[in-house]
Amino acid sequence: MHEAYVLPGPLALSRSTVDRAADRRTDAAWLDSLWADGATRVLLVGDGTVPVDDEALRFVTTADAPDGERLLLGLDDDGVAYVAVHVEGKPDGGATLREVGAVLGDRDAGLAVHAIALANWHATHRFCPRCGARTRSEQGGHVRVCEAEGSQHFPRTDPAVIVLVVDEKERCLLGRSAAWPGHRFSTLAGFVEPGETPEHAVVRELYEEVGVRVTSCRYAGAQPWPFPSSLMLGYYATAAGEDPVPDGDEIAEARWFSRDELTTAMESGDVLPPSGISIARKLVEGWYGGPLPVEVSWR
């Protein structure tokens with residue numbers, strides 16, 4: 001039955017129009033020339049935020065940019081380069097992706113996600129995991145190199161599955177995390193473990209968290225989720241409508257909802273649905289058949 005469900009696009013954090021120019025990152029002279037070019041646009045990034053004015057990113061010139069690690073974001077169709085500078089603390093006018101990810105245009109959304117994800121990684125990888133020596137940024141901020149023994153280390157991305165389960169009665173299963181206040185409900189999710197496929201993770205996570213046995217699953221789409229470094233792999237899954245048994249650790253409550261039941265619960269405030277920026281929201285809307293009647297922002 002889940003074959004009919006598709007993600008209504010676009011996903012807020014999966015948009016981009018800029019060429020990342022990955023083939024030129026090793027050209028140090030070219031990277032230096034970008035910084036000498038007055039047309040290059042610089043985005044400040046710090047503390048998980050980027051500066052935003054009127055639903056658009058605010059850039060500065062290289063002459064006005066502060067010191068900090070430079071992160072190459074790419075080139076637009078006109079050849080204009082975009083570079084992020086990683087600064088300490090929140091830049092003036094800084095906003096998080098949860099706050100502005102859904103309202104930024106395609107170019108700016110892609111630049112913001114790229115910049116924040118890279119900055120998050122650099123902030124936690126100052127030292128070599130092999131020997132403990134300091135590392136330095138190279139290749140436009142997409143590699144860190146150990147200063148003692150030269151080993152290279154690349155930005156980390158943690159794959160996680162996020163799943164909307166539907167039973168034979170066309171009900172969807174939503175859960176409330178033990179860490180969430182109030183009436184927040186969403187799809188179920190979990191990280192892919194070493195040596196595991198995403199499909200195996202879907203089956204394992206649903207049984208671990210709510211005791212539901214998945215009978216089939218289908219990949220639906222993906223979205224970067226740099227909080228701090230995840231890639232959310234969206235799935236639709238089917239399962240028998242057995243009563244969910246939350247583990248009480250990660251999941252405090254789980255319920256099956258028909259479309260009418262979910263509508264009533266949202267309109268009464270008994271259920272707060274996933275936020276518009278999330279792939280969870282799109283998974284639910286794909287099953288629901290259109291936009292949900294309630295919008296929320298989880299910050």
Side-chain angles (χ1 to χ4, degrees), residues 7-21 34-35 37-123 140-141 184 221-230 232 272-282 285 290-299:
L7 287 179
L11 294 168
L13 303 186
S14 298
R15 299 170 291 140
S16 179
T17 63
V18 171
D19 176 2
R20 292 192 173 203
L34 296 182
W35 200 254
D37 187 345
T40 294
R41 308 184 74 180
V42 180
L43 177 67
L44 306 186
V45 55
D47 198 22
T49 69
V50 288
V52 175
D53 285 329
D54 297 326
E55 300 184 354
L57 294 179
R58 183 204 308 156
F59 300 96
V60 299
T61 66
T62 57
D64 293 329
D67 292 334
E69 287 181 330
R70 301 172 188 173
L71 315 174
L72 174 65
L73 303 180
L75 307 173
D76 66 16
D77 290 341
D78 296 322
V80 174
Y82 294 83
V83 178
V85 171
H86 188 191
V87 298
E88 293 296 327
K90 181 178 178 179
D92 183 42
T96 68
L97 287 172
R98 284 190 171 94
E99 292 171 323
V100 299
V103 300
L104 293 174
D106 291 352
R107 183 204 66 182
D108 285 3
L111 291 172
V113 171
H114 191 181
I116 289 173
L118 277 180
N120 287 343
W121 175 70
H122 281 284
R184 293 180 178 176
Q223 174 165 267
W225 196 247
F227 303 111
S229 58
S230 298
M232 306 304 294
L272 293 178
S275 68
I277 194 177
S278 68
I279 189 173
R281 177 80 172 216
K282 296 298 185 180
E285 290 180 340
L292 298 181
V294 175
E295 182 57 84
V296 295
S297 178
W298 297 7
R299 299 180 183 176

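Predicted model only: the values in this text are computed from it and were never measured. What you see below is based on every heavy atom in this structure, not just the backbone, and it leaves out hydrogens, waters and symmetry mates.
In this structure, CG on Leu73 lies 11.0 Å from CZ on Arg107, to the nearest 0.5 angstrom. Taking NE2 of His122 as the reference point, atom NE2 of His86 lies at 8.5 Å (rounded to 0.5 Å). Going from atom CG of Leu111 over to atom CZ of Arg20 covers 9.0 Å, rounded to the nearest 0.5 Å. Remark: Leu71 CG to Leu43 CG distance equals 9.5 Å, nearest 0.5 Å. Taking CG of Asn120 as the start and CZ of Phe227 as the end, the distance is 9.0 Å to the nearest 0.5 Å.
For Gln223 (side chain) and Leu13 (main-chain N/O), a donor-acceptor pair under 3.5 Å exists by modelled atom type. With hydrogens and angles disregarded, a donor-acceptor distance shorter than 3.5 Å links the side chain of Asp76 to the backbone of Asp78. For the pair Thr40 (side chain) and Leu34 (backbone), a donor-acceptor distance under 3.5 Å is present.
The two residues Thr62 and Asp37 come nearest to each other via the heavy atoms OG1-O, 4.1 Å. Contact detail for Pro51 and Asp92: the closest heavy-atom pair is CB-O, 3.4 Å. Of all non-hydrogen atoms in Val85 and Gly68, the two that sit nearest each other are CG1-CA, 3.8 Å. Heavy-atom minimum distance, Leu44 versus Pro66: CD2-CD, 3.5 Å. The heavy-atom pair separating Ile277 from Leu97 by the smallest distance is CD1-O, 2.8 Å. Scanning both residues, Ala115 and Ala84, for their nearest heavy atoms gives CB-CB, 3.9 Å.
For Asp67, the CG atom sits in a loose shell: 12 or fewer heavy atoms of surrounding residues, nucleotides or ligands are nearer than 6.0 Å.
A 4.5 Å side-chain heavy-atom check between Val42 and Trp35 finds at least one atom pair inside the cut-off. Counting heavy atoms from C-beta on, the side chains of Pro226 and Trp121 never come closer than 4.5 Å. Ser275 is not listed as a side-chain neighbour of Arg281, based on a closest heavy-atom distance of 4.5 Å or more. Side-chain contact between Tyr82 and Leu57 is absent, with no heavy atoms from C-beta onward closer than 4.5 Å.
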